[in-house]
Amino acid sequence: MEVIKKMRKKEQLDNSKELIEALDQLEKTNDISKEIILEAVENSLLVACKDEFGKADNIKVTINRENGKVSVLSEKTVVETVEDPITQISLAEAKETFPNAVEGQVVNIVITPKNFGRIAAQKAKQVVVQKIREEERKVLFNQYFAKEHDIVTGIVQRYTGGNISINLGKVDALLSESERVKTEKFSSTDRIKLYVVEVKDTSKGPRITVSRTHPDLVKRLFESEVTEIKDGTVEIKSISREAGSRTKIAVYSNNPEVDAVGACVGLNRSRVEAVVDELRGEKIDIVVWSEDPRVFIMNALSPARAISVEADPEEKTAKVIVADSQLSLAIGKEGQNARLAARLTGYKIDIKSESQILSE
């Protein structure tokens, strides 16, 4: 970096304007305040001076904002008889520099050590490097924080135990075992889409939590594929998902002339298949949302067809009757269809066949 090169050159010079010029350039190119850096350098030099001068509290360090000259000043009170040479100066000695000095006056005595410009340059370089790193970390954090709760594309790097290291461009993320779909297998350099669950700022840069199991990954994938969802014509009302196996998604159209399910499926199933491909073959049921819980529950149990639905909105329970031939389909393999429908609607669903009802 050009700024750091200038700072290295500055180490060979005392009280030069190169320090100021370098900081001016840094302010323009990196949007880092010159004043903030100069104050940080002054504080850093102050610590060094206090170590040298017995940690005196009356020491001040100033850097001239025009020419970069560094001055170390000691505030001393003018007295007739000096009892504390660190904080006091005799009237006679004070008059050598300040002819009009009087007893009790506080004066600033220059005590700048030799070659202090070199020390200042070294400290300045350290501060600049630190500030640049802080700024780069801040920029990275802001860049990925803006993508929190959205999807990003990453490149698979390697497996580390049950986790996968993913390169997101300027930063790496770890796809943890708990956020992975266990049936998915990836090879190095595979490009995959991930849902950004959380972005935290740390001293080592942003820590990004990503997921392949989060239900909103499906939601964001549909948003990227379906124009009608992007423009608000079609809304995704709810999603229930068993990652890697099956997802149910409830959609609603704000325009009576637009078929919500058809928009999500796409011509020749192109839109839904694009999402299915990204999810490595996960099955997706798209159903119509309804404010009538009876209708919504009936739709949610698709592909099974219900004969009747009784819903209790207060208790959030529902009783569903299906034909005998539809019972296994309504419940699904290991209860999956009924389980997903219950999550999608928010209702506890009791499914029974016609023959079960007759035998009660």
Counting C-beta onward and ignoring hydrogens, is there a side-chain heavy-atom pair between Thr209 and Val196 closer than 4.5 Å? no
For the student: nearest non-hydrogen atoms of Leu217 and Leu194, plus distance: CD1-C, 4.0 Å
Looking only at atom types and distance, does a side-chain atom of Tyr144 sit under 3.5 Å from a main-chain N or O of Leu168, one as donor and one as acceptor? yes
Please check if the side chain of Gln105 supplies one atom and the backbone of Val102 the other of a donor-acceptor pair under 3.5 Å. yes
Of all heavy-atom pairs linking Ser90 and Val82, the shortest is N-CG2, 3.3 Å
Glu225 (side chain) donor-acceptor with Arg271 (main chain) under 3.5 angstrom: no
Closest heavy-atom pair and its distance - Asn67, Ile20: C-CG1, 4.1 Å
Classify the side-chain pair Arg246/Asn337 by whether it contains a donor and acceptor separated by less than 3.5 Å. yes
Examine the side chains of Thr160 and Asn163 and answer whether a donor and an acceptor come within less than 3.5 Å of each other. no
Within this structure, what is the CD-CD distance for the pair Glu103 and Glu80, rounded to the nearest 0.5 Å? 5.5 Å
Within this structure, what is the CD1-CZ distance for the pair Ile349 and Arg339, rounded to the nearest 0.5 Å? 12.5 Å
Taking the side chain from Arg137 and the backbone from Pro206, do they hold a donor-acceptor pair closer than 3.5 Å? no
For residues Ala311 and Arg294, report the shortest heavy-atom separation together with the two atoms involved. CB-CG, 4.1 Å
Heavy-atom check, side chain of Ile249 versus side chain of Lys237, under 4.5 Å: no
Rounded to the nearest 0.5 Å, the OG1 atom of Thr81 sits from the CD atom of Glu83 at a distance of 7.5 Å
Heavy atoms from other residues, nucleotides or ligands near CZ of Arg305 exceed 12 (cutoff 6.0 Å): no
Can you check side chain to side chain donor-acceptor pair (under 3.5 Å) on Thr62 and Glu42, steps first, answer last? CA-CA 6 Å; Thr62 62; Glu42 287 172 341; 5.6 Å; no
Is it true that Glu148 and Arg207 make a salt bridge, defined as a side-chain N closer than 4.0 Å to a carboxylate O? no
Neighbour count above 12 (heavy atom, 6.0 Å) for Glu291 CD: no
Would you indicate whether Phe186, at its atom CZ, is surrounded by more than 12 heavy atoms from other residues, nucleotides or ligands within a distance under 6.0 Å? yes
In terms of side-chain geometry, is the basic nitrogen of Glu242 or Arg343 positioned less than 4.0 Å from the acidic oxygen of its partner? yes
One thing to verify: whether Arg220 and Glu223 come together as a salt bridge, which I'm taking to mean a side-chain N less than 4.0 angstrom from a carboxylate O. yes
Counting only heavy atoms not in Lys230, do more than 12 fall under 6.0 Å of its NZ? yes
Would you find more than 12 non-hydrogen atoms of other residues, nucleotides or ligands less than 6.0 Å from Ile36 atom CD1? no
If Ile, Leu, Val, Met, Phe, Trp and Tyr residues are connected whenever their side-chain heavy atoms lie under 4.5 Å apart, and connections chain through other members, are Val276 and Ile286 in the same group? yes
Residue pair Thr213 / Arg180, side-chain heavy-atom distance below 4.5 Å: no
For Ile321, is there any backbone N or O sitting under 3.5 Å from a side-chain donor or acceptor partner on Glu354? no
Note: Glu75-Lys60 ion pair, threshold 4.0 Å (strictly below): yes
Single-linkage hydrophobic cluster Leu340~Leu329, side-chain heavy atoms < 4.5 angstrom: no
Using a 4.5 Å cut-off on heavy atoms from C-beta on, say whether the side chain of Leu327 contacts that of Ile351. yes
Determine yes or no for a side-chain-to-main-chain donor-acceptor pair under 3.5 angstrom, with Thr202 supplying the side chain and Lys204 the backbone. yes
Student check: side-chain heavy atoms of Asp172 and Gln157 closer than 4.5 Å: yes
State whether the side chain of Lys352 and the backbone N or O of Gln356 hold a donor-acceptor pair below 3.5 Å, judged by distance alone. no
Which pair of non-hydrogen atoms, one from Glu184 and one from Tyr159, has the smallest distance, and what is that distance? O-OH, 4.5 Å
Exercise: do Asn254 and Thr233 side chains pair donor with acceptor under 3.5 Å: no
Determine whether more than 12 heavy atoms belonging to other residues, nucleotides or ligands lie under 6.0 Å from atom CG of Asp324. yes
For Gln130 and Glu134, which I'm curious about, is there any donor-acceptor pair between the side chains at under 3.5 Å? yes
Donor-acceptor under 3.5 Å (Ser253 side chain, Pro256 main chain): no
Stepwise side-chain contact (heavy atoms from CB on, under 4.5 Å) test for Leu279 and Leu221: CA-CA 9 Å; Leu279 297 177; Leu221 288 172; 3.8 Å; yes
The test is side-chain contact (heavy atoms from CB on, under 4.5 Å); show your working for Thr247 and Lys219 and say whether it passes. CA-CA 10 Å; Thr247 287; Lys219 181 179 181 180; over 6 Å; no
Going by an N to O cut-off under 4.0 Å, is there a salt bridge joining Asp285 and Lys248? yes
For the NZ atom of Lys185 and the CZ atom of Arg280, what is their distance to the nearest 0.5 Å? 12.5 Å
One should read off an interatomic distance between Ile297 CD1 and Tyr347 OH, to the nearest 0.5 angstrom, of 6.0 Å
Taking the six-membered ring of Phe141, is NZ or CZ of Lys138 closer than 6.0 Å to its centre and within 45° of its axis? no
If you draw a 6.0 Å radius around CD in Glu39, do more than 12 non-hydrogen atoms from other residues or ligands fall strictly inside? yes
Examine Val156 and Val210 and state if one hydrophobic cluster contains both, with Ile, Leu, Val, Met, Phe, Trp and Tyr joined whenever side-chain heavy atoms are less than 4.5 Å apart. yes
How far does CZ of Phe222 sit from CD1 of Ile229, to the nearest 0.5 angstrom? 7.0 Å
Closest heavy-atom pair and its distance - Leu344, Ala300: CD2-CB, 3.9 Å
Among the clusters formed by ILVMFWY side chains lying less than 4.5 Å apart, do Ile151 and Leu174 turn up in the same one? no
In this structure, which one of Glu179, Glu177, Glu282, Glu278 forms a salt bridge (charged side-chain N to carboxylate O under 4.0 Å, His left out) with Arg212? Glu278
So, Thr345 side chain and Ala341 main chain: donor-acceptor pair closer than 3.5 Å or not? yes
When you measure from the side chain of Ser238 to the backbone N and O of Ala250, does any donor-acceptor pair fall under 3.5 Å? no
Measure the shortest side-chain to side-chain distance between Lys193 and Val152 over non-hydrogen atoms and say whether it is less than 4.5 angstrom. no
Hey, any chance Tyr195 and Ile192 share a hydrophobic cluster, counting ILVMFWY side chains that come within less than 4.5 Å of each other, even indirectly? no
